[in-house]
Amino acid sequence: MALDVRNKMGATLLPDAAFGLFPRCPFVPWLPLVYRVASTRSIINRNYSFADKRISKSAHLVFSHASDSDDTFTDLVVDQDSYSGRNEVLGIEGELEIARNSLLEAQHRQEVIERERDQLLEELARSEAKRQEYITTILHDKEVAIAELEAAKSLFQKKLEESVEDKFTLESKLVLAKQDAVDLAVQVEKLAEVAFQQATSHILEDAQLRISSAETTAAEAAHLIEKQIKDATEGTISSIVEKSNHAIQRALVVAEEAGELSKKSMETFVDGTSPFTEIAAVQEENTKLQGIISDMESQLVIARNEADRLKLELESTRQRLQAFEQRANDAEKALLDLQESSRKNTLKQEEEMKSMLDKVKKDMAERMKAISKAFKTDLKNIKATVEAAKEVVHSKDYAYLRRCEALQRSLKVSEDALKMWKQRAEMAESLLLKERLHDEGDEDAIYVVNGGRIDLLTDVDSQKWKLLSDGPRREIPQWMARRIKAVSPKFPPRKIDVAEALTSKFRSLELPKADEVWSIAQEKPKEGDALIEHVFERETIEKKRKALERALQRKTIQWQRAPEQTKLEPGTGTGHEIVFQGFNWESWRRRWYLELAAKTADLSQCGVTAVWLPPPTESVSPQGYMPSDLYNLNSSYGSMEELKYCIEEMHSQDLLALGDVVLNHRCAHKKSPNGVWNIFGGKLAWGPEAIVCDDPNFEGRGNPSSGDIFHAAPNIDHSQDFVRKDIKGWLNWLRNEIGFDGWRLDFVRGFSGTYVKEYIEASNPVFAIGEYWDSLAYEHGSLCYNQDAHRQRIINWINATGGTSSAFDITTKGILHCALHNEYWRLIDHQGKPTGVMGWWPSRAVTFLENHDTGSTQGHWPFPRYKLMQGYAYILTHPGTPVIFYDHFYDFGIHDVITELIEARRRAGIHCRSSIKIYHANNEGYVAQVGDALVMKLGQFDWNPSKENQLEGSWQKFVDKGSDYQVWLRQ
C-alpha cells in the first residue's frame, strides 16, 4: 500500500547524495507527519505557494538528526487518507522546511569538510615537518656513520703505519739481535732471516687483510645504506607530496563544486526549480571526497609503514655498523696484541742486545787493550832495537879499537920477537962460522946458513912443536892456505947438495910450512883472551838486532812496485790493479772499519793493490745506498775517525782506498708544504730545484733526467750548475781531507756519463769504476750466445765518460755462469776474442764474480759456488782489472787458492792490456795464452803446452787443480 501511495502522490525517494554524507533514509508510510530533530535547531514554519498542485498533498517527512556529523536519519511518511487544504499547506511548508534544513545541513557539512580539509592540511604540514625531521635525522646519521667510517679508516691506516713501522723496527732489532749468528755459515743466517721475514710478513698480511676487509665492508655498507635511504626517502617523499597535493587539489575542487552546487540549489529554490537533483549531486561529490580522504589515509598508513621499514633498516644498518666497529676493535685488539708481543720481544731482544753490546764492548775494550799493549810492546821493541843498534855500533867501534890495539900489541911483540930472532940468528951464524974451522969437512952438520935466515932445529924440535902447539887454533881452510901461500915471502932456493951448501956462504934453514903458521890477522881470540867477552857480547847483540829486523820486516813489508807500475789514468789505475771488495751486505752490523783495518797487512802480502770500501755517508738504509747528509761520515760501518784510521792503515800497506759514492739520488730531510719529501738538509741544503722534473714521486722542479729513474729516492738533476759544483767540492773533500784515492760510482745509468767525466776530471782519482747494470739477452729462458748489444751499451757509457772511468764487466759474469757448465765455447766470439767487455776494451773492463748485490745475504744473482775456483782462475789470469769479493776470500775457504792465482798473475806480468790468444774453446775445455809468460786451461780437456805446435818456449806447471784448471808459466 505504501508503494501505491508513493506512486499516486508522485513522491520520490531522495538519494543519499542529496544530504551529503547522510546515510540512506527510508520512507515511513501512513504514519503521521513527524519532523523530529535531535539537535537544538528550531523549526520555522513558512507558507509557500506552488504553481504545481501535484505536490500539494499531505506528506509527512520525518527527519531525525542526532548530531552534526554522524548518526543522521530522515523518515518520509505519506498518508494518502488524511490530507486536506490545510494539510497541503502544511505539507508544502514542511517540504520547504525540509529543503531549508537540507541546505543548512549541506552548508554545515561544507564547513565540516573545510575543517577536515584544514585538519588534513595541518596533518600534511606536520607530516612534512616530520619528513624534514626524518630526512635531517637520516642525513645526520649518515654523516655520523660516514665520519665514524672515516675515523675507523684513518685509525686503521694509522694502526697499519704503526704496524709497518713496528715491523721495520722489529726487523732491525731482531736482525741486530742475531749479530752473533753472522759469524756462522752464510746459508744458516740466510735461512734464519728468511724464516723470520716470512713469519713477520704472515702476521702483517693477516692484519692488513682484516683491515682491508673491514674497510671494504664498511664502505659497501655505507654506500648501500646511503643508496637505500636516498631511494626510499626520495620515493616516499615524492609520492606523499604528489598524493597530498593531488588530494588537496581534489578537495579544493570538490569544495568549490559543493559551493557552486549550494549556490545553484539556492538559485533553484529561488527560481522555483527542484533542489533534489542538485542535492543528490552534492551528496555524490561528498561520497567521492570521502573515498579520496580514505585513500589518503591509507596512503598515510603506507607512508608510515614505509617509514617504520626505513627505521628498521636504519636500525639494522646501525647494528651492522656496530658489527663493523666490533670487527675494527677486534683488528685493533689483534694489532695491540701484535704490538705487545713485538714490544715484549723487542724488550727481550734489547736486553739480549744490551748484554751482547756489553760483551762486544768488553771484548773491544780488551782487544783495544791488547792492541794498545801490543803496540806499546812493539814500540818498546822498536826503541830497544834502536838502542841495541846504537849499542851495537858503539860496541862494534869499541871492539874494532880494542882489536886494533891488540893487533898493534901483537905486531910490536912480533917485531920484538923478530929482532930477538935476528940477534939469535947472528949469534948462531957467528958461532957456526967460528966452529966451521974446527968441523970443516963434517958432512953431518945440522946447521945450514941460508941467506941470513936460520932455523935452529934441535933434536927434540922444541921450538917447532911449541909453535905448532901454540899455532893455529882451528883448521885453516884451503882458500885461506892458498891466500897465505900467495902472500908468503919468496925465499932463496934451498941448497940440496951438501957440497954446494958447504961452499955457499949461507946455510939453509928448514922453516915451518905455510899451513902450520899461526896468523894473528886471521884468527879469532880464544877463551881467556882479553877481548873474548866483548866479542861474545857483540855477537849476541847482532843476533838480537837481526831477529828484531825480521819481526819488523814481517809487520811493515812494503810492496816494491816496478817502474812501469806508476799512475797512468783514472780509467785503468796503474794497469796492474787487483781490487778487493772489502764488505758485504751485512758488514754494517759490526765496527767494520776497525775489522777491515786489521786485514790490510794480509791483503797487501797476498797481492791486492786496491780496496773498495762501503758507502761512507749517513744513510736512510744501513747499507749506505740511500744517502742523506753527504758530509756526515758517521755511518753504520763506523765513525769518521775510524774511517780515517782504516784508510791510513791501507796507505801504510801501499793499498788504494776506493770510496763507494752514490751520486744519482739522495734522500730528503724534510717535507715540502705539499707533503712531499724533497727538502734536503745538512751542508748541501738543496730544494726541489735539485730534483729532476720527470721523477714521478717527488715533484722536482729541475730539468728532465738524463738517464733512468731510481724510484726509491729523489733523483738529482746533474744539469744544475750548483749541484755539480757542490758534488765536485764534496769529492775533493773526500780526496784531500778523508784520504780516498778513487771512486766506485753507484747506479750510473741514472745520469749521463758526461757528468761523470766532469766529476772525475775535477777530483782526479787514481782509479774509478762505474756500475752500469743492464740485463743480458735471453731467448726461451736460455742465455743467448751473442751478447754484443749488451757489452756495447756498457762501452757506450765508458765512451760518454771519455774513457776516464772503467766499468764492471757484467757481460763476462753472466757468460761465465753458463760457460763453466761445459759450455766453454761461450768464452770466444766470432773474432776469436773474449765475449765480454774484456774482448773489446780490456783496459776499461773490471771483471768480477759476485758483489754485495748478487751474492752475500741478498743472493740476487749468485755465482755457482762449486765453480768459484774456475771463475777466479779465469778473471785473475786474463786482461782487465779483477775484483775479489770479501766473502769468497775470508769465508769460503779459498784464501790460499786466490793468493796462488794472484802470484801467478804477478809472475807472468799480466796487466789490464795484456794480449790474449785463445787456442781451444769447446764443450770439453778452454785453453788460452795471456801475455808472453802464462798459459791456462779450464775443464777436462786433455792438453798441455807440449801438445800445442803453435806454442813456443819451455813451460813449467805452476798451478794444477786437475780438471778444474791448470796454469803454466814460461821458464
Side-chain angles (χ1 to χ4, degrees), residues 571-572 575 577-579 581 744 748-749 769-779 782-799 801 803 805-851 853-855 861-864 867-868 870-885 901 905 910-922 925-931 934 936 938-939 965:
T572 60
E577 304 297 350
I578 296 178
V579 180
Q581 182 177 356
R744 183 265 184 187
V748 295
R749 285 185 59 181
I769 313 170
E771 182 204 27
Y772 191 91
W773 197 275
D774 197 4
S775 298
L776 280 76
Y778 290 85
E779 185 175 358
S782 299
L783 184 70
C784 296
Y785 167 72
N786 189 346
Q787 297 292 335
D788 291 348
H790 183 268
R791 57 176 169 175
Q792 184 63 53
R793 290 192 292 270
I794 298 176
I795 288 177
N796 290 340
W797 179 84
I798 300 174
N799 278 326
T801 68
S805 175
S806 59
F808 287 109
D809 192 352
I810 301 170
T811 313
T812 295
K813 170 182 167 58
I815 292 173
L816 284 176
H817 274 254
C818 297
L820 298 183
H821 292 83
N822 298 327
E823 297 179 2
Y824 300 101
W825 46 268
R826 292 181 178 273
L827 298 177
I828 184 172
D829 63 7
H830 60 280
Q831 296 178 348
K833 297 180 180 180
T835 48
V837 179
M838 178 201 309
W840 284 358
W841 202 347
S843 64
R844 300 300 189 276
V846 178
T847 55
F848 72 105
L849 301 182
E850 267 187 5
N851 58 25
D853 288 323
T854 63
W861 194 21
F863 199 83
K867 295 292 184 180
L868 278 176
Q870 277 191 320
Y872 277 113
Y874 182 83
I875 66 174
L876 288 173
T877 58
H878 279 62
T881 303
V883 178
I884 302 168
F885 186 40
L901 291 170
R905 183 184 182 92
I910 297 174
H911 50 81
C912 66
R913 294 181 175 86
S914 294
S915 61
I916 180 171
K917 183 177 181 181
I918 301 175
Y919 290 104
H920 303 281
N922 50 39
Y926 170 86
V927 178
Q929 178 182 357
V930 184
L934 186 143
M936 64 91 62
L938 297 174
Y965 64 91

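- Between Ile798 and Thr801, the shortest heavy-atom distance links the atoms O-OG1, 2.6 Å.
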Practice item. For side-chain contact (heavy atoms from CB on, under 4.5 Å), just list the numbers for Leu876 and Thr847, CA-CA rounded to whole Å, side-chain angles, deciding distance to a tenth of an Å, and then say yes or no. Key: CA-CA 9 Å; Leu876 288 173; Thr847 55; over 6 Å; no

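- Scanning all heavy atoms of the two residues, the minimum distance from Pro834 to Asp829 falls at O-OD2, 3.7 Å.
- Arg791 contributes a side-chain N or O that, together with a main-chain N or O of Gly836, makes up a donor-acceptor pair within less than 3.5 Å.
- Within the model, atoms OH of Tyr874 and OH of Tyr926 stand 4.5 Å from one another, a figure rounded to the nearest 0.5 Å.
- Side chain of Arg913 to backbone of Gly575: no donor-acceptor contact under 3.5 angstrom is found.
- Looking at Phe848 and Phe863, their side chains never come closer than 4.5 Å, going by heavy atoms from C-beta outward.
- In terms of heavy atoms, Ile828 sits closest to Ala921 at CG2-CB, 3.5 Å.
- Considering His790, Gln787, Arg793 in turn, His790 is the only one that fulfils the side-chain hydrogen bond (donor to acceptor under 3.5 Å, both in side chains) rule with Thr811.
- Not one N or O on the side chain of Arg826 forms a donor-acceptor pair closer than 3.5 Å with the backbone of Leu820.
- Between Ile875 and the choices Leu816, Thr881, Leu901, Ile884, the side-chain contact (heavy atoms from CB on, under 4.5 Å) rule is met once, by Leu816.
- How far CG of Asp809 is from CD1 of Ile769: 12.0 Å, rounded to the nearest 0.5 Å.
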Exercise for review: Please lay out, stage by stage, how Tyr824 and Ile918 fare under the test side-chain contact (heavy atoms from CB on, under 4.5 Å).
Suggested key: CA-CA 11 Å; Tyr824 300 101; Ile918 301 175; over 6 Å; no

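- The shortest side-chain heavy-atom distance between Lys813 and Leu776 does not fall under the 4.5 Å cut-off.
- Counting only heavy atoms from C-beta outward, the side chains of Trp840 and Gln792 approach each other to under 4.5 Å.
- Residue Tyr785 holds its OH atom at 8.5 Å from CD1 of Ile815, rounded to the nearest 0.5 Å.
- Residues Arg905 and Pro882 come closest through the heavy atom pair NH2-CD, 3.7 Å.
- Within the model, atoms OG1 of Thr572 and NE2 of His911 stand 11.0 Å from one another, a figure rounded to the nearest 0.5 Å.
- We find the NZ-CG distance between Lys867 and Leu938 to be 9.5 Å, quoted to the nearest 0.5 Å.
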**Study point:** Chi angles and distances behind the side-chain contact (heavy atoms from CB on, under 4.5 Å) call for Ile910, Leu934
**Key:** CA-CA 8 Å; Ile910 297 174; Leu934 186 143; 3.6 Å; yes

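- The shortest distance between side-chain heavy atoms of Val883 and Phe885 does not fall below 4.5 Å.
- The heavy-atom pair separating Pro864 from His821 by the smallest distance is CG-CE1, 3.7 Å.
- For Cys912 against Pro879, the heavy-atom pair with the smallest separation is O-CB, 3.6 Å.
- The aromatic rings of Trp861 and Trp773 lie perpendicular to each other, with more than 60° between the two planes, well past the 30° mark.
- Formation of a donor-acceptor pair under 3.5 Å by the His878 side chain with backbone atoms of Val930 is not found in this model.
- The main-chain N or O of Ala873 is found under 3.5 Å from a side-chain atom of Thr877 such that the two form a donor-acceptor pair.
- No donor-acceptor pair closer than 3.5 Å links the side chain of Glu771 to the backbone N or O of Val748.
- To the nearest 0.5 Å, atoms CE (Met838) and OG1 (Thr812) are separated by 4.5 Å.
- Screening Val846, Ile810, Ile794 for a side-chain contact (heavy atoms from CB on, under 4.5 Å) with Val837, the sole residue that qualifies is Ile794.
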